[in-house]
Amino acid sequence: MLETFNFRVIFEYLPLFGSCFLATLWLSAAGLVGALVIGTLACSMRIGRHKLIAIVAAAYIESIRSTPLLVQLFFFYFGLPSLGIRLSEAATGILALALNSGAYLAEIIRAGIQSISHGQVEAAVASGLSYIQRMRHIILPQAIGVTLPPMLGQAIVLVKDSALLSLISLPELTRAGQIMTSERFMPAEGFLTSAVFYLLIYYMLKWMTAWSQKRLIYMQA
Amino acid sequence: MERYSVQRAMIEFKNVHKWFGDLHVLKDINLEVAQAEVMVVCGPSGSGKSTLIRSINRLEPIQKGELVVDAMKVHDPKTNMTKLRAEIGFVFQQFNLYPHMTALQNVTLAPMKVRKIARKEADDMGRYSLEKVGLGDKLHQYPAQLSGGQQQRVAIARGLCMRPKIMLFDEPTSALDPEMINEVLEVMRNLAREGMTMIVVTHEMGFAREVSHRVAFMDFGELTEIAPPGEFFSHPKSERTKLFLSKILTH
């Protein structure tokens, strides 16, 4: 089997995979940053006191979580221009990823904050700690510690979901495999190479999470 | 009045009222607790005992009346509560320790952040407080590694480490297994002997009889009876108090 597996062609296509790897990286990174902003906002809106705002946030979270990302992506790509809103392909892709993951992150952040018992906060109030001190020493260290693993999970999902952006002809990792397949008809080599690069991103994210968790422990000391 | 002329009133309620929505939870409370006095508050659940002591450090704000603690007006929104809360240790039924911190970190956080004491000195104070509650060997244990009784003693040490003038206890032994109740009560007995001003919401009538100066009975948001323990237990005035005592003392 290995005799028919063509490593030479992979090396030939490595520059394409390299640039597409970078594209996947930055599209995902931009999507993730957007998702963090949207998720934090949506979460604070949802747990806030204002009823109407909370309903709007809940509606956003529910509708994203109950529909396929592919449908959302096609809506932004084909639907928005028909409504007169024109965005570049990259912007469309990032918007779809950010809005999609933002809804999941909102729920993860909410779970993290709500996992901290009200009693601890009350004990901190009773001993005279201010709101900022309570956030800094009691709530955030625990909330971040609790939410980092599920956030890593969501980040990995986001990177894998970015493969769908190949369908709106963005030159990213999955698209690179498709290009190699269509030009040389080597689907095994092409998509396996894509997969190896995704694996690489996965390990980068895992390493970053481990590093930040270590820093978190130093912060608490 | 005699007591008042000799000893300063540490906590003073004057016609205090509180509502939760339509529910009138504190009804015209009048109470003075002198310095170094130990007062036990008992009564049926839902009678407002917890609300009464939680109002003292404004965990529950009152809506009417005057409440003066250590010469500071708790009823006045302008009062600096941080300063007052530093003088009041509060022990909760559920301990409420910070689970991500060791016993020593739990007790030293507020001294460092609120009293602005340097870490080294705070650590010394923390060690002393934990030794005082019999946990000198558990400084670096996390709450999850401690038994319920030990956790509650850490919570008491956390209050003591602020060198407070007043200690408030909200059913401190109600969440404990029976065999752990005594180790917590013992710490509280010692505190009382040292002259700490204390209000203790509890159903531990043995503790009330032995340690307290006065026992108060609370019912439907009212303080219906306040008397020294001897009198309170042998000659309760109201029928409600009698009924309550008969229920609680048979257990």
Side-chain angles (χ1 to χ4, degrees), chain A residues 40 43 47-52 54 105 108-153 208-221, chain B residues 50 53-61 80-102 104-117 119 140 142-143 151-152 154-164 166-170 175:
Chain A
T40 312
C43 171
I47 61 179
R49 275 189 215 129
H50 201 292
K51 271 263 166 62
L52 192 68
L105 286 184
I108 291 172
I109 296 167
R110 184 165 73 117
I113 290 174
Q114 287 177 345
S115 73
I116 290 147
S117 72
H118 184 61
Q120 287 176 52
V121 179
E122 221 166 43
V125 170
S127 60
L129 292 165
S130 69
Y131 177 77
I132 292 177
Q133 288 170 330
R134 297 198 296 271
M135 271 289 169
R136 160 82 178 78
H137 298 285
I138 310 296
I139 297 174
L140 287 184
Q142 293 184 72
I144 294 172
V146 172
T147 51
L148 257 181
M151 276 202 185
L152 169 74
M208 276 163 62
T209 310
W211 177 80
S212 56
Q213 257 171 345
K214 233 184 260 163
R215 275 202 47 112
L216 213 69
I217 292 163
Y218 289 136
M219 256 170 62
Q220 287 168 20
Chain B
S50 285
I53 69 165
R54 287 163 62 88
S55 66
I56 294 170
N57 66 355
R58 212 196 276 159
L59 279 179
E60 302 288 357
N80 180 354
M81 286 311 290
T82 303
K83 206 168 152 232
L84 180 60
R85 282 168 177 159
E87 304 297 341
I88 305 174
F90 200 105
V91 177
F92 297 85
Q93 183 179 350
Q94 299 294 341
F95 330 138
N96 295 346
L97 295 178
Y98 312 132
H100 60 305
M101 295 183 183
T102 63
L104 188 63
Q105 288 168 335
N106 262 281
V107 300
T108 54
L109 179 69
M112 288 195 297
K113 300 301 164 189
V114 180
R115 292 243 197 250
K116 312 282 180 203
I117 288 168
R119 177 185 293 269
H140 304 296
Y142 285 88
Q151 289 190 49
Q152 192 60 301
V154 172
I156 295 174
R158 176 169 66 181
L160 292 179
C161 201
M162 289 292 274
R163 306 240 165 102
I166 301 166
M167 285 289 286
L168 304 174
F169 296 83
D170 190 3

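Chain letters run A, B, ... following the sequence lines, proteins first and then strands; every chain starts at 1. Just so we're clear, the structure is a prediction, and the values are computed from it rather than from any experiment.
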Student: Select, from A/S117, A/S130, A/G119, the one with the greatest count of heavy-atom pairs under 4.5 Å involving chain B.
Tutor: A/G119

Student: Side chain, backbone, both or neither: which part of B/I88 has a heavy atom under 4.5 Å from chain A?
Tutor: backbone

Student: Please classify the contact of B/M162 with chain A as side chain, backbone, both or neither, using a heavy-atom distance under 4.5 Å.
Tutor: side chain

Student: Which region of B/R115, side chain (C-beta onward) or backbone (N, CA, C, O), has a non-hydrogen atom less than 4.5 Å from a non-hydrogen atom of chain A, or is it both or neither?
Tutor: neither

Student: Counting only heavy atoms closer than 4.5 Å, note whether B/R158 contacts chain A via side chain, backbone, both or neither.
Tutor: side chain

Student: Can you give me the closest heavy-atom contact between B/T82 and A/G128, atom names plus distance?
Tutor: CG2-O, 3.4 Å

Student: Please name all residues satisfying side chain to side chain donor-acceptor pair (under 3.5 Å) with A/S115, sequence neighbours left out, ordered by chain then number.
Tutor: none

Student: Please rank B/R54, B/Q94, B/Q93 by heavy-atom pairs under 4.5 Å with chain A and give me the top one.
Tutor: B/R54

Student: Counting only heavy atoms closer than 4.5 Å, note whether B/L168 contacts chain A via side chain, backbone, both or neither.
Tutor: neither

Student: For B/F92, is it the side chain, the backbone, both or neither that has a heavy atom under 4.5 Å from a heavy atom of chain A?
Tutor: side chain

Student: To the nearest 0.5 Å, what is the distance between CD (A/E122) and CG (B/N57)?
Tutor: 9.0 Å

Student: Mind ranking A/Q133, A/H118, A/H137 by heavy-atom pairs under 4.5 Å with chain B and telling me who comes out on top?
Tutor: A/H137

Student: Check whether any side-chain heavy atom of A/L129 lies under 4.5 Å from a side-chain heavy atom of B/R85, and answer yes or no.
Tutor: no

Student: On a heavy-atom basis, which atom in B/Y98 and which in A/A124 lie closest, and how many Å separate them?
Tutor: OH-CA, 3.3 Å

Student: Contact between A/S127 and B/K113 at the side-chain level, heavy atoms closer than 4.5 Å - yes or no?
Tutor: no

